[in-house]
Number of protein chains: 2
Amino acid sequence: MPAQASPKFRRRKAERPGEIVEAALAVFAEKGFAAARLDEIAARAGVSKGALYLYFATKEDLFRAVVEQAIAPNVQMVRAMIAAHPGPIRDLLRLVPERIAAIAAALPVGGVIKMVIGEAGNFPELARVWHDRLVAHALGGLSEAIAAAQARGEVKSGDPRTYALQLIAPVLIGVIWDETFAPVGAEPFDVVQIARQHVEAMLSGMLVEEARG
Amino acid sequence: MPAQASPKFRRRKAERPGEIVEAALAVFAEKGFAAARLDEIAARAGVSKGALYLYFATKEDLFRAVVEQAIAPNVQMVRAMIAAHPGPIRDLLRLVPERIAAIAAALPVGGVIKMVIGEAGNFPELARVWHDRLVAHALGGLSEAIAAAQARGEVKSGDPRTYALQLIAPVLIGVIWDETFAPVGAEPFDVVQIARQHVEAMLSGMLVEEARG
DNA sequence: CGGTTTAATAACCAGCCAGTCAGTTACCAG
DNA sequence: CTGGTAACTGACTGGCTGGTTATTAAACCG
């Protein structure tokens, strides 16, 4: 019998939670909450299912941790973007495409969005966390920036919150499209291209003559 | 023993499938595919679970029937909308809000969209049916109308398919918002108001000067 | 080293639910 | 009225999966 080259497991209390959450993010984004199997998450994290329960009390608890992890960097990003552009709003709006592309490259945004939309009905507190911690901040911040620009006379009259929604909606739908229909043969959308074309159209649509450029 | 006033069930072979599909639409829209219980669908259709299997082979089969039923009236609507406006494209675009409001009132649109987005990953052929039978027609039709308008010199340069996406995205996101975040305390969006404000902005953004009005 | 602690495993359980089927009952034809 | 048919029921089951636990072994310490 050959000598045992490597032990059958390692004790790594500190690293486990992060690895498990990362694996869970991937599986949840791929399958959604209900269809995700704890065994698969455990396997991808290189751990047994029992080990999951050393760090997370329930499947839902793990889901919450995933949402928190997915949320944190995005909130940061939104705040930074708004704060960095107190000036003419067209500069802020023109920056949107690159930022969106950056997050979309770093995280499985589409999968996460799908997950939240699909499971919101069955896990309301989850939708609440998602809304309060991320969406409200992003939409609220953008709305305020638009309202301020209206006060400065840069933006035409109209509901600022609706303007904010109008601005980001096509990008979101583009991401969802690529996740939903592209895998079954539909022509994918180039999200950055959507963002660029849309920003230009919206600048014409919502800015007063003098504020364009 | 009192006389049997009413029988414990009726034989209604013709009506059953429609009633079952209707009940299933409601439950699937509410819960999604995985979380929907066949017992609940059966109960809402006023039938036992066993009866479901007289008309549909599997749960997935029933899901397919529901998708078909949810698709049909919308295809009709899209075709009619495009066909009715060969003329200046701004007339077509201005009509969008009322039409959207009409369908949103008639069907659980938000629930259906959630269902499709949420389950697309686990049921690819479903996403394919949905895309090929409805979404491709709607987006394609609108794209063609926009391309034609470009050829007539009404619309600025830019990708017509992207323009089409830009036009409908805010309304879709509005519907999804009301379904996802409004139930947990977020301020809902008025979808018709979104549509109106967005159409005005997009008219300025995508039409050339002379084609506005 | 040997003893102790505890991270991690793997076999296990309980309950839920899609799908089945033997029996029941409405309906109809003669 | 009666016998035949098939629509319908509802109790059942097999498998799956979230969650538990008895056991094992890695790591640490004196």
Side-chain angles (χ1 to χ4, degrees), chain A residues 1-25 27-28 30-66 115 119 122-123 125-126, chain B residues 1-25 27-28 30-66 115 119 121-123 126:
Chain A
M1 194 158 179
Q4 181 74 1
S6 62
K8 61 192 301 187
F9 64 86
R10 289 294 164 84
R11 309 174 89 201
R12 291 164 54 243
K13 186 184 169 73
E15 295 85 344
R16 293 296 190 213
E19 294 173 359
I20 292 170
V21 168
E22 190 177 351
L25 170 60
V27 177
F28 282 138
E30 218 169 273
K31 306 274 172 75
F33 180 77
R37 302 292 143 226
L38 289 180
D39 280 307
E40 188 181 345
I41 293 174
R44 283 209 211 178
V47 117
S48 75
K49 186 173 65 169
L52 265 48
Y53 285 88
L54 296 173
Y55 302 100
F56 305 94
T58 66
K59 187 185 188 184
E60 204 169 325
D61 216 55
L62 177 55
F63 196 35
R64 258 184 282 273
V66 168
M115 180 174 81
E119 311 288 355
N122 301 78
F123 302 92
E125 6 60 273
L126 199 92
Chain B
M1 195 157 179
Q4 182 72 2
S6 61
K8 61 191 302 187
F9 65 87
R10 291 292 166 82
R11 308 176 94 207
R12 290 164 54 243
K13 186 184 171 72
E15 295 87 342
R16 294 294 191 214
E19 295 172 0
I20 292 170
V21 169
E22 189 177 352
L25 170 60
V27 177
F28 282 138
E30 218 169 275
K31 306 275 174 72
F33 180 77
R37 304 291 145 225
L38 288 181
D39 280 308
E40 187 180 347
I41 294 173
R44 284 209 210 179
V47 115
S48 76
K49 187 170 66 167
L52 264 48
Y53 285 87
L54 296 173
Y55 301 100
F56 304 94
T58 66
K59 188 186 186 183
E60 202 173 329
D61 217 56
L62 177 55
F63 195 38
R64 260 185 282 272
V66 167
M115 181 173 83
E119 309 291 352
N122 302 83
F123 302 91
L126 198 93

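Worth knowing before you read on, the calculation uses all heavy atoms, side chains too, and leaves out hydrogens, waters and symmetry mates. In what follows, every chain begins at residue 1, and chains take the letters A, B, ... in the order their sequences are listed.
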Taking the side chain as C-beta and beyond, is there a heavy-atom pair between [X] and [Y] under 4.5 Å?
| X | Y | result |
| --- | --- | --- |
| A:Val66 | A:Phe56 | no |
| B:Asn122 | B:Phe33 | no |
| A:Tyr55 | A:Leu62 | no |
| B:Met115 | B:Phe63 | yes |

* **Of residues 47-59 of chain B, the positions that come close to DNA chain D - non-hydrogen atoms, cut-off under 4.0 Å** => B:Val47, B:Ser48, B:Gly50, B:Ala51, B:Leu54, B:Tyr55
* Close approaches to DNA chain D from residues 11-21 of chain B, in residue order (heavy atom, under 4.0 Å) -> B:Arg11, B:Arg12, B:Lys13, B:Arg16
State, to 0.1 Å, how close [X] and [Y] come at their nearest heavy-atom pair, and which atoms those are.
| X | Y | answer |
| --- | --- | --- |
| B:Ala36 | B:Lys59 | O-NZ, 2.9 Å |
| B:Ala35 | B:Lys31 | CB-O, 3.4 Å |
| A:Ile41 | A:Ala23 | O-CB, 3.7 Å |

Rounded distance (Å) that lies between atom [atom2] of [N] and atom [atom1] of [X]:
| X | N | atom1 | atom2 | result |
| --- | --- | --- | --- | --- |
| B:Arg10 | D:dT9 | CZ | C1' | 16 Å |
| B:Phe33 | C:dC17 | CZ | P | 14 Å |
| A:Leu38 | C:dA11 | CG | C1' | 17 Å |
| B:Glu60 | C:dG19 | CD | C1' | 14 Å |
| B:Phe9 | C:dA26 | CZ | C1' | 5 Å |
| B:Glu40 | C:dG19 | CD | P | 17 Å |
| A:Asp39 | D:dC16 | CG | P | 12 Å |

* Phosphate contact (C:dA18 OP1 or OP2) by B:Arg37 side-chain N/O below 4.0 Å ->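 For B:Arg37, the contact criterion (side-chain N or O under 4.0 Å from OP1 or OP2 of C:dA18) is met.
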* Is the shortest side-chain N to carboxylate O distance from B:Glu30 to B:Arg44 below 4.0 Å? -> yes
* Can you establish whether the number of heavy atoms outside A:Glu60 located under 6.0 Å from its atom CD is more than 12? => yes
* Asked: Contact class for B:Ala36 vs. all strands (heavy atom < 4.0 Å): base, sugar-phosphate, or nothing?
  ->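 Touches sugar-phosphate only.
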